Student: 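Sharing a structure below in structure tokens format, with a few things to ask.
Predicted, not measured: the structure shown is a model, and the values here were computed from it.
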Amino acid sequence: MSTENEGTAVPPAPSAPPVPVDAPAASAPQASDAGAPTTPIPPHPSGGAQGPELVHAGPAPAYASAEGQQHAGPGGPEGAWPPPQAPGTPLYADGGAGGAGAGGAGPTGVWGAGYQQPAPKPQNGRGGLVAAILVAALVAGGLGGGLGYTLAKNNDNGSSTTVSASDSGGSVKRDAGTVAGVAQRALPSTVTIEAESTNGEGGTGTGFVFDTQGHIVTNNHVVADAVDGGKLTATFPNGKKYDAEVVGHAQGYDVAVIKLKNAPSDLKPLTLGNSDQVAVGDSTIAIGAPFGLSNTVTTGIISAKNRPVASSDGSGSNASYMSALQTDASINPGNSGGPLLDAKGNVIGINSAIQSTGSGGLGGTSQSGSIGLGFAIPINQAKYVAQQLIRTGKPVYAKIGASVSLEDSSGGAKITTEGAGGSAPVEAGGPAAKAGLKPGDVITKLDDSVIDSGPTLIGEIWTHKPGDKVKITYERDGKTHTVDLTLGSRTGDS
């Protein structure tokens with residue numbers, strides 16, 4: 001979600017309940033390295049049923065040029081990516097305006113990341129009435145309770161069957177496989193992130209411990225305000241706060257890595273799972289700081305996989321795209337960047353966006369919330385991106401070197417007759433050209449994945465790494481053809 005503040009002061013650090021913990025817990029990842037695609041981000045999710053508005057805690061696919069074209073992996077000129085912001089493109093998390101949801105003509109998308117404290121509402125007469133009603137209710141409750149106690153006392157003949165618990169809640173043993181057990185182990189390794197720009201704008205999000213060197217993984221839109229000389233802090237559930245710096249960020253993937261300054265020596269990285277093995281119906285546990293409420297745990301299931309979701313902060317330069325894990329775990333603005341865990345406590349995704357029926361920007365009075373449609377970046381992809389950022393500070397994207405239409409369609413991804421910014425629709429000497437693809441061809445499958453639109457194709461490409469070999473099925477002049485293609489690469493977001 002967007003971390004911009006709409007010109008208001010950065011909210012106070014979210015409270016960190018005094019939860020006794022050892023230190024961030026977890027262990028090392030094991031996800032498969034998913035590739036990082038490269039190409040201008042499409043402005044509009046394509047294909048898919050119309051739905052409510054997307055909100056960065058989760059937005060909708062958006063990656064196209066002003067002419068409605070998108071490079072499936074930048075194949076055009078270097079300066080052509082990212083393309084200009086298209087109207088209706090969903091905004092980051094509490095970012096404000098938005099466009100179609102992931103999948104089409106739904107309400108605006110907003111990422112569930114940065115959260116800004118809403119302005120206090122003025123007191124009015126109705127508040128007094130509510131207070132009066134509350135007092136009356138309490139009095140009535142007191143009368144009822146007193147009457148019940150009197151009756152019970154009068155009828156108590158010494159043969160009461162009341163049984164007292166032998167243990168208080170604090171001494172109950174919680175098995176490792178329970179939600180409480182998972183939360184106990186994972187919470188110490190999650191942090192609430194506050195990002196503030198040089199002009200005082202900022203917001204709140206979440207992150208988790210990636211390694212023992214102090215690297216924290218989160219969303220790009222969570223830390224975007226602090227990238228150019230801003231202030232960044234990370235607070236653990238035990239209340240310990242550390243200054244941090246951005247190691248690297250990938251706008252296209254919406255992944256960022258920050259590093260704690262003077263990191264403690266007892267950091268416990270969360271164990272990374274394998275998002276490729278996740279199945280619809282699997283249990284999920286989300287941790288974050290929804291609306292600034294740090295260390296919040298919610299549960300749900302994986303409700304779908306491979307959802308094309310894209311969003312932007314509205315500037316046209318900060319778009320992101322993912323083939324997401326969908327969950328009904330409650331995710332709200334402020335959850336962005338937090339871990340989505342499986343039933344064993346392994347990280348399977350990074351909570352990034354939500355679909356919402358309401359609109360309202362960061363700091364607004366109608367900020368959207370969860371309706372049970374949350375989206376997370378698969379950890380296999382996020383792990384690959386994070387490792388690249390730690391090594392070089394820059395993201396690497398996979399590409400096919402062809403521009404495809406981003407218009408809603410169910411027939412496939414059509415290679416356009418003109419490229420973005422006047423470039424060739426099929427990059428000379430690029431992967432698509434070498435595979436024999438031409439303008440007008442309609443790509444219908446990538447390996448075994450059905451492609452119903454340009455954004456869907458881009459989402460699939462971005463789950464691979466440069467150099468991966470894929471099988472492309474396309475239609476030309478009414479005939480179906482299949483070719484092998486080796487994905488190219490592009491480094492950086494500009």
Student: Using side-chain heavy atoms (C-beta onward) and a distance below 4.5 Å, is P188 in contact with F236?
Tutor: no

Student: Report the distance from atom CG of D282 to atom CD of Q277, rounding to the nearest 0.5 Å.
Tutor: 10.0 Å

Student: Under a 4.5 Å cut-off applied to non-hydrogen side-chain atoms, are D493 and P395 in contact?
Tutor: yes

Student: So do the side chains of V278 and D342 get within less than 4.5 Å of each other, counting heavy atoms only?
Tutor: no

Student: With a 4.5 Å heavy-atom cut-off, do S283 and T299 have their side chains touching?
Tutor: no

Student: Does any donor atom in the side chain of D328 or S303 lie under 3.5 Å from an acceptor atom in the other side chain?
Tutor: no

Student: Less than 3.5 Å apart, any donor N or O on the side chain of N380 or D276 sitting next to an acceptor on the other?
Tutor: yes

Student: If you round to the nearest 0.5 Å, how far is CD1 of I331 from CD1 of I371?
Tutor: 12.0 Å

Student: Do I472 and L446 pass the side chain to side chain contact (heavy atoms under 4.5 Å, CB included) test, and can you show the C-alpha distance, the side-chain angles, and the key distance before you say yes or no?
Tutor: CA-CA 5 Å; I472 299 290; L446 189 152; 4.0 Å; yes

Student: As an exercise, state the distance from CD1 of I258 to NE2 of H249, rounded to the nearest 0.5 Å.
Tutor: 13.0 Å

Student: Could you give me the CA-CA distance, side-chain angles and deciding distance for Y384 and H464, then say whether side chain to side chain contact (heavy atoms under 4.5 Å, CB included) is met?
Tutor: CA-CA 10 Å; Y384 165 76; H464 291 76; over 6 Å; no

Student: Is a side-chain donor or acceptor of D243 paired with a backbone partner of T233 at a separation under 3.5 angstrom?
Tutor: no

Student: Salt bridge or not for K471 and D447, using N-O below 4.0 Å?
Tutor: no

Student: For the side chain of S275 and the backbone of P378, is there at least one donor-acceptor N/O pair under 3.5 Å apart?
Tutor: no

Student: Do V396 and P466 have side-chain heavy atoms sitting under 4.5 Å apart?
Tutor: yes

Student: Among V217, N346, I379, which one satisfies side chain to side chain contact (heavy atoms under 4.5 Å, CB included) with L272?
Tutor: I379

Student: Quick check for you: to the nearest 0.5 Å, what is the distance between Q326 atom CD and Q355 atom CD?
Tutor: 8.0 Å

Student: If you define the side chain from C-beta out and look only at heavy atoms, does anything of T444 sit under 4.5 Å from I451?
Tutor: no

Student: For the pair Y242 and V191, evaluate side chain to side chain contact (heavy atoms under 4.5 Å, CB included) and give the outcome as yes or no after the intermediate values.
Tutor: CA-CA 10 Å; Y242 298 86; V191 297; over 6 Å; no

Student: Under a 3.5 Å distance rule, please check whether N220 uses its side chain to pair with a backbone N or O of D254 as donor and acceptor.
Tutor: no

Student: Is a donor on one side and an acceptor on the other found under 3.5 Å between the side chain of D175 and the backbone of G177?
Tutor: no

Student: Would Q184 and L187 count as a side chain to side chain contact (heavy atoms under 4.5 Å, CB included) if you check the C-alpha gap in whole Å, the side-chain angles of each, and the deciding distance to 0.1 Å?
Tutor: CA-CA 6 Å; Q184 267 185 346; L187 274 169; over 6 Å; no

Student: Which of these, V255, T218, I377, sits in a side chain to side chain contact (heavy atoms under 4.5 Å, CB included) with S352?
Tutor: I377

Student: Mind checking the NZ-CD1 spacing from K399 to I461? Nearest 0.5 Å is all I need.
Tutor: 11.5 Å

Student: Might you confirm whether atom NZ of K231 has over 12 heavy atoms from other residues, nucleotides or ligands at distances under 6.0 Å?
Tutor: no

Student: Do I348 and I302 touch side chain to side chain, with heavy atoms closer than 4.5 Å?
Tutor: yes

Student: Under a 3.5 Å distance rule, please check whether T206 uses its side chain to pair with a backbone N or O of G334 as donor and acceptor.
Tutor: yes

Student: Could you tell me whether a side-chain N or O of T327 sits under 3.5 Å from a main-chain N or O of I301, the two making a donor and an acceptor?
Tutor: yes

Student: Can you check whether L457 reaches I400 side chain to side chain, under 4.5 Å on heavy atoms?
Tutor: yes

Student: State whether a side-chain donor-acceptor pair under 3.5 Å links T463 with S323.
Tutor: no

Student: Output the distance between atom CG (L340) and atom CG (N335), rounded to the nearest 0.5 Å.
Tutor: 10.0 Å

Student: Restricting to non-hydrogen atoms, name the atom on F210 and the atom on A386 that form the minimum distance, rounded to 0.1 Å.
Tutor: CZ-CB, 4.1 Å

Student: Are T298 and S330 linked by a side-chain donor-acceptor pair shorter than 3.5 Å?
Tutor: no

